Amino acid sequence: MTGSILEGQMNVELASDYYLTNFKELIEYIGSTYTDLLSSEERGFLLIFSQLPRESQMLYIRMLTRKGEWFRARKLNYQEIPDLFGAVTSLEKSDLVQVYPAKSMLPLAAVIGLFTKAEWLLQLKFCGIDTASLKTLKRAALEERIFELAEHHSALSYFENEILFCLKGSAVFDTFKLLYFGNQHQDLTEFVLRDLGHYRYEDYLINRDTRSFQDKSQLQAHQHYYAIIEPLEEVLLQSKAEIIALVEQLPATPQSDRLLDRRIQSVKLRLARQLERLDAPQQALLIYQQCNIPPARERSARIFVKQQRIDEGLNLCREIIAQPRSEAEQQFGEGFGYRTARKHKLDWQAPSNYKPPRRTLTLTPTGAGVEVDVACYFSQNGECHFVENDLFSSLFGLLYWEVIFAPVKGAFTNPFQIRPHDLHEPDFLTQRQAVFSQANHALLSQELLNDAITSRWTEKFGIANYFVNWSWIDEALIHTALARIPLPHLKAIFQRIWQDIRANCSGFPDLILLTDTGYELIEVKGPGDTLQANQLRWMRYFHQQNIPHRVVYVEFDSLG
DNA sequence: ACCGAGCACTCAATA
DNA sequence: AGTTCTTCTG
DNA sequence: TATTGAGTGCTCCAGAAGAAC
Ligand SMILES: [Mn+2]
Ligand SMILES: [Mn+2]
């Protein structure tokens, strides 16, 4: 079961101007829905670009989708752009590309990345520098050395035979991408992957009169955020001072734009967590106090207790228990509060301590993975499949397909969404009451459910859906599973997913064993592995709902 | 990947 | 001189 | 010995060509 689910439709040929078509589709959307948020430069771009010769448009996009802003003309070889210099001339006139003829003097930082190590060593030799000691340096070290040497050898960034292009206006396109996708991680490759058949997206209704960004200040807030976190990964590797400096740049939280708020808080949590590692708990605490998403309070409580501020730690646990933001957080408050209180001889209610049914199994490893080995072992009792989260999540996604893709205002703004924008909002279902209750009709009988899910399966096969993993679940398995799992069990499981989609799509047991008479959900634990908190929460729920489940602890017998 | 998620593996510190 | 990483492509 | 917590690694188009090691 490897490779893409859509492998069958290989040999898709894209039109030779595919990237121009895609680019035009993107900016057409910007022009039709966002002109009022654009700067004059951005509006100007739309106009100027539309008037460029076709090959100039194509060259511009080629450059946009390559790395960096500086290019050697000789490295831009495209058969669909036979007259490179003709194409670039219009771009230069429109101020979208700056052309630097050979023998120009350029800042070293601009050109350092354009040449290979071998080329730089040659250049160094031309400048009369002895390269013997430089040849063994790694790329990064060599670049450093070149910068030092350039102080006294200005000719290092002088090239006899290189025409260079510098791309302008890439920030404008960044804005367009952000407006189009609503984020900064999707780009033009989405079009290609879709058209190649790697992904297929649901044909949901995109409301042209609803959009992700309502006004300019909202757009600017998102851009500001992305600009600040640009060095995030680097800063996380640096020391306290740099991390704190980055946090201080971030806007105050919580804030009213919920999407942006979550992004900012997630970054704050990461930075604070790193401050903990760097032994700066006080500063971490200050950041956690600006956040209301988990695990901000959990981390704070841990810090308090570590600092022997037991009262404050326990008070925070009480707050968590009184108003948990998730079951996970509640479970933490109860457990950590109990352990801490007990250690200090204080009163605290013991948390529920469910122990799921267990058995141990001794077998010889085949190398395919413990879960597969155990599934193999249980095959003597029936069909046993390694499904983890995929089975129930996929059933959920199939049953509630129409709910997920219902044309609610603002839910869909571009053709590359695997879910509606507001999937995790608390009012998600109240916005979709009618489709929701209609989907639930299928839960009235086994036959209706079977029909609903299998017809959805054939109708939607391969279409991207947040909940459905097409590559791991086959139709036969769905069929048997639906026949064996009683309706009340499925209802209970789906209900818990709806309660907290983000948290409850994970933690399902590894295996499902389907026997002649029924089924069982089995979590496999190899030596040294233990139940994770989310796995235990599901099992506690299974217990309450009489859903058959078990943990199988594996010991290996061949290892001396 | 909506600036990681989800899982198992490994190790160390507790009780 | 073979292997691994990066970049580009459709 | 079991439990807890922390940190790590793996995968997320696929394949080609070039560059780095
Ligand atoms: Mn598992
Ligand atoms: Mn397992």
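Letters A, B, ... mirror the listed sequences (proteins, then strands); counts begin at 1. On a predicted model such as this, the values are computed, not experimentally measured, just so you know.
Residue A/N389 places at least one side-chain N or O closer than 4.0 Å to OP1 or OP2 of B/dC7. Contact between the side-chain N/O atoms of A/Q184 and the OP1/OP2 oxygens of B/dA1 is not found at any separation under 4.0 Å. Look at A/N534 and you'll find a side-chain N or O under 4.0 angstrom from OP1 or OP2 of B/dC7. Contact between the side-chain N/O atoms of A/K117 and the OP1/OP2 oxygens of D/dA19 is not found at any separation under 4.0 Å. Listed pair A/Q532 / B/dA8 meets the phosphate criterion, a side-chain N or O lying under 4.0 Å from OP1 or OP2.
Rounded to a whole angstrom, the distance from the P atom of B/dG6 to that of B/dA1 is 12 Å. One C1' atom belongs to C/dG10, the other to D/dG7, and the distance between them is 39 Å to the nearest Å. Taking atom P on both nucleotides, D/dT8 is separated from C/dT7 by 25 Å, rounded to a whole Å. Annotation: D/dA6 and C/dT9 have their P atoms spaced 45 Å apart (nearest Å). To the nearest whole angstrom, the two P atoms, one in C/dA1 and one in D/dG15, are 29 Å apart.
Put simply, CD on A/Q331 and CZ on A/R537 are 5.0 Å apart, with the number rounded to the nearest 0.5 Å. Atom CD1 in A/I229 sits 11.5 Å away from atom CD in A/Q249 (nearest 0.5 Å). If you take CG on A/D510 and CG on A/N389, they are separated by 9.0 Å, rounding to the nearest 0.5 Å. Annotation: the span from A/Y354 atom OH to A/L531 atom CG amounts to 10.0 Å, rounded to 0.5 Å.
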Practice item. Dump the intermediate steps for salt bridge (charged side-chain N to carboxylate O under 4.0 Å, His left out) on A/E190 and A/R194, then the final yes or no. Key: CA-CA 6 Å; A/E190 298 293 331; A/R194 175 195 61 187; over 6 Å; no
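With A/Y288 as the fixed residue, the side-chain hydrogen bond (donor to acceptor under 3.5 Å, both in side chains) test singles out one of A/Q283, A/R302, A/E276: A/E276. The only option from A/F23, A/F176, A/Y180 that meets the ring pair (Phe, Tyr, Trp, His ring centres under 6.0 Å) definition with A/Y29 turns out to be A/Y180.
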Practice item. At under 4.0 Å between heavy atoms, which parts of nucleotides 3-10 of chain D does protein reach? Answer with one letter per nucleotide, 5' to 3': B base, S sugar-phosphate only, - none. Key: SSSSS---
**Study point:** Nucleotide-resolved protein contact map, nucleotides 3-10 of chain C, B/S/- at heavy-atom distance under 4.0 Å
**Key:** ----SSSB
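Looking at residues 414-426 of chain A, you'll see A/H421 sit with a heavy atom under 4.0 Å from some atom of DNA chain B.
A cation-pi geometry, defined here as NZ or CZ lying under 6.0 Å from the six-membered ring centre and within 45° of its normal, holds between A/R358 and A/Y553.
For a distance-only test at 3.5 Å, the side chain of A/H185 qualifies as a donor-acceptor partner of the base of B/dC2.
Heavy atoms of A/D510 sit under 4.0 angstrom from primed sugar atoms or phosphate atoms, though from no base atom. In this structure, A/Q535 reaches the sugar-phosphate backbone alone: every heavy-atom distance under 4.0 Å involves primed, P, OP1 or OP2 atoms, never a base. A/G507 comes within contact range of the sugar-phosphate backbone alone, with a heavy-atom separation under 4.0 Å but no base atom that close.
Between A/D261 and A/R258 no salt bridge is recorded (no basic side-chain N to carboxylate O distance below 4.0 Å).
The shortest distance between side-chain heavy atoms of A/I320 and A/F336 does not fall below 4.5 Å. Looking at heavy atoms from C-beta onward, A/F165 lies in side-chain contact with A/L84 at the 4.5 angstrom threshold.
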